[in-house]
Amino acid sequence: MRILHFYRTSFPDTVGGIEQVIRQIAIGANKHGIHTEVLSLTPNHVPRTIEVDGYKIHRARLNFQIASTGFSASAFWRFSQLAKDADVINYHFPWPFMDVVHFATRVNKPTVVTYHSDIVRQKNLLKLYKPLKNKFLASVDRIVASSPNYLATSDVLARFADKVSVIPIGLDKSSYPSPTQEKLNYWKAQFSERFFLFVGVLRYYKGLHILLEAAQGIDYPIVIVGAGPVEVELKEQVTKLGLRNIHFLGLLPDEDKVALLTLCYGVLFPSHLRSEAFGISLLEGAMFGKPMISSEIGTGTTFINIADETGLVVPPSDPVALRQAMTYLWEHPEHAAEMGRNAEARYWTYFTAEDMVSAYAKLYRELAQK
């Protein structure tokens with residue numbers, strides 16, 4: 001069986017949550033006898049086709065972007081050719097250009113959409129896109145939501161509930177590098193015995209400006225790993241607030257990230273908008289047995305982090321509640337450790353890559369036999 005994934009970007013060109021999901025599905029599908037190909041866009045002068053971890057990645061030239069939506073003239077032909085050989089096409093939503101390609105190429109193959117997020121920020125453009133979006137989602141055979149929480153709170157998914165399945169995103173812990181003792185000792189020396197950790201792209205919906213407000217009046221070390229569009233603003237906010245317990249580390253290799261996940265006291269995930277549909281780095285915290293603090297935004301974050309069981313859940317955009325949550329974990333290490341153990345147990349029960357891939361493989365076969 002051959003599966004074609006289509007999204008605006010992919011690993012190794014970029015490393016975000018959706019890219020990780022596609023990669024985990026592609027690697028795991030190989031064990032189910034499923035051949036995977038991925039088509040994405042890139043502005044870089046790189047090989048048009050490469051093979052990574054047993055699957056092929058095809059790149060079409062990115063011509064321009066409007067409101068984070070990439071457009072490519074060559075993608076129409078590339079998609080049409082790759083779709084001919086595919087048994088099932090797996091789209092990854094949202095990406096309005098993908099809808100256009102779907103209809104323009106008149107694809108006649110079984111189709112599934114992995115619905116990663118509602119469109120939250122571009123409300124005016126959404127009014128223009130809404131008819132095309134609804135037509136596209138109505139035309140595909142199946143839609144996959146990443147959590148029951150998101151399915152229950154998305155007006156868009158409610159409209160197509162009769163063809164929505166829930167397949168939680170999963171991670172393969174064995175695919176993460178094991179940090180050397182030297183690496184662990186290095187990071188131990190950089191920070192005190194205990195520190196909180198955030199990992200992710202520094203975007204507007206991550207709620208890091210709220211975290212910085214919450215950091216006032218406490219001295220717990222807070223380590224921020226990642227880079228992104230709001231990095232300069234966040235560093236300016238740190239200076240303005242006079243914070244001395246915030247440590248920006250930028251982008252780090254996976255071994256360093258795993259070392260910090262291994263050593264940290266707890267994982268912070270203050271995302272405050274529904275653009276944060278799931279939370280891969282929150283799930284990584286659970287996978288490494290750490291207590292978590294997240295916000296209740298009606299998405300997969302509170303499918304991963306169960307209030308008072310695997311961590312603490314606070315109202316969104318509430319720095320006082322976030323500060324109180326950090327203080328509680330800091331002052332109750334035994335309860336924090338228990339939450340961490342519960343978090344890891346929940347990962348093994350609901351969020352392994354093996355379970356995710358098996359569910360996708362079953363769905364692909366059902367679609368291919370229709």
Side-chain angles (χ1 to χ4, degrees), residues 7 16-18 20-22 24-25 28 90-94 111-120 133-134 137-138 140-173 200 205-207 267 269-287 291-316 339 342-367:
Y7 185 56
I18 297 176
Q20 287 194 58
V21 172
I22 295 171
Q24 293 275 356
I25 296 172
N90 194 158
Y91 295 114
H92 293 267
F93 182 96
T111 50
V112 56
V113 167
T114 301
Y115 192 95
H116 292 281
S117 172
D118 294 333
I119 295 176
V120 177
K133 176 194 71 177
N134 289 338
L137 293 174
V140 300
D141 297 301
R142 297 286 289 275
I143 299 172
V144 173
S146 59
S147 72
N149 303 51
Y150 213 89
L151 173 57
T153 58
S154 170
D155 292 338
V156 176
L157 290 178
R159 179 172 180 167
F160 302 100
D162 60 325
K163 59 179 175 182
V164 177
S165 301
V166 174
I167 301 178
I169 292 171
L171 298 175
D172 178 4
K173 190 172 184 179
Y205 60 81
K206 295 293 185 180
V267 167
F269 206 76
S271 296
H272 64 303
L273 297 173
R274 283 181 59 81
S275 302
E276 189 68 78
F278 192 78
I280 296 293
S281 57
L282 184 66
L283 181 55
E284 289 176 332
M287 185 171 71
M292 300 167 282
I293 301 175
S294 59
S295 300
E296 175 54 83
I297 51 177
T299 72
T301 60
T302 23
F303 183 54
I304 299 168
N305 185 21
I306 307 300
D308 303 319
E309 179 183 326
T310 62
L312 301 176
V313 178
V314 300
M339 288 177 170
N342 293 341
E344 184 174 4
R346 186 166 175 80
Y347 157 74
W348 287 110
T349 301
Y350 295 104
F351 300 112
T352 64
E354 183 178 354
D355 286 347
M356 175 183 70
V357 173
S358 294
Y360 268 99
K362 181 181 178 183
L363 175 58
Y364 293 152
R365 290 194 170 92
E366 289 175 1
L367 290 172

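Just so it is clear, the model here is predicted, and its values are computed rather than measured.
Across S147 and F303, no two heavy atoms sit closer than the pair CB-CD2, 3.8 Å. Taking both residues in full, the closest heavy atoms of V267 and S281 are given as CG1-O, 4.4 Å, listed atom of the first, atom of the second, then distance. Scanning all heavy atoms of the two residues, the minimum distance from A138 to K163 falls at O-NZ, 2.9 Å. Scanning all heavy atoms of the two residues, the minimum distance from P270 to S295 falls at O-OG, 3.9 Å.
Residues Y7 and I18 are in side-chain contact: their nearest non-hydrogen atoms beyond the backbone lie under 4.5 Å apart. Residues V144 and V113 fail the side-chain proximity criterion, which asks for heavy atoms closer than 4.5 Å. Annotation: side chain of I297 is not in contact with side chain of L273 (no heavy-atom distance under 4.5 Å). Contact annotation: the side chain of E296 never approaches that of V314 to less than 4.5 Å [non-hydrogen atoms, C-beta and beyond]. Residues R159 and N134 have side chains in contact (heavy-atom distance under 4.5 Å, counting atoms from C-beta outward). Side-chain contact between T352 and D172 is absent, with no heavy atoms from C-beta onward closer than 4.5 Å. In this structure, K133 and V156 have side chains that are in contact, with non-hydrogen atoms separated by less than 4.5 Å. A 4.5 Å side-chain heavy-atom check between V112 and Y364 finds at least one atom pair inside the cut-off.
Screening F278, Y350, Y347 against I304 for a side-chain contact (heavy atoms from CB on, under 4.5 Å) leaves a single residue, F278.
For the pair R274 and Y205, the cation-pi test (distance below 6.0 Å, angle within 45°) is failed.
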For this session: Report the C-alpha separation of S154 and D118 in whole Å, then their side-chain angles, then the decisive distance to 0.1 Å, and conclude whether the side-chain hydrogen bond (donor to acceptor under 3.5 Å, both in side chains) test is met.
Result: CA-CA 7 Å; S154 170; D118 294 333; 2.8 Å; yes
For this session: Start with the C-alpha gap between Y360 and N90, add the side-chain angles, then the distance that decides, and say whether side-chain hydrogen bond (donor to acceptor under 3.5 Å, both in side chains) holds.
Result: CA-CA 10 Å; Y360 268 99; N90 194 158; 5.1 Å; no
Exercise. Would Q24 and V357 count as a side-chain contact (heavy atoms from CB on, under 4.5 Å) if you check the C-alpha gap in whole Å, the side-chain angles of each, and the deciding distance to 0.1 Å?
Worked result: CA-CA 8 Å; Q24 293 275 356; V357 173; 5.6 Å; no
Problem set entry | Criterion side-chain contact (heavy atoms from CB on, under 4.5 Å) on I22 and H92, from CA distance to verdict | CA-CA 9 Å; I22 295 171; H92 293 267; 3.5 Å; yes
For this session: Before giving the answer on side-chain hydrogen bond (donor to acceptor under 3.5 Å, both in side chains), spell out for T299 and N149 the whole-Å C-alpha distance, their side-chain angles and the decisive distance to 0.1 Å.
Result: CA-CA 5 Å; T299 72; N149 303 51; over 6 Å; no
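We find the CG-CD distance between L171 and E354 to be 13.5 Å, quoted to the nearest 0.5 Å. Put simply, CZ on F351 and CE on M356 are 12.0 Å apart, with the number rounded to the nearest 0.5 Å. Distance CG/L282 to OG/S294: 5.5 Å, rounded to 0.5 Å. The distance from the NZ atom of K206 to the OG atom of S271 is 4.5 Å, given to the nearest 0.5 Å. Between atom OG of residue S146 and atom NE2 of residue H116 there is a gap of 8.0 Å, rounded to the nearest 0.5 Å. Taking CG of N342 as the start and OG1 of T349 as the end, the distance is 10.5 Å to the nearest 0.5 Å.
Between Y115 and Y91, a ring centre-to-centre spacing not shorter than 6.0 Å is recorded.
With sequence neighbours left out, K362 forms a side chain to side chain contact (heavy atoms under 4.5 Å, CB included) with E366. Remark: R346 pairs with no residue by the salt bridge (charged side-chain N to carboxylate O under 4.0 Å, His left out) rule, at least two apart or across chains.
Between the side chain of N305 and the main chain of L312, a donor-acceptor pair closer than 3.5 Å is present. The backbone N or O of M339 sits nowhere less than 3.5 Å from a side-chain atom of T310 that would complete a donor-acceptor pair. Not one N or O on the side chain of T301 forms a donor-acceptor pair closer than 3.5 Å with the backbone of G279.
Heavy atoms of other residues, nucleotides or ligands lying less than 6.0 angstrom from CD of E309 number more than 12.
A salt bridge between K173 and E344 is present, with a side-chain N of the basic residue lying under 4.0 Å from a carboxylate O of the acidic one.
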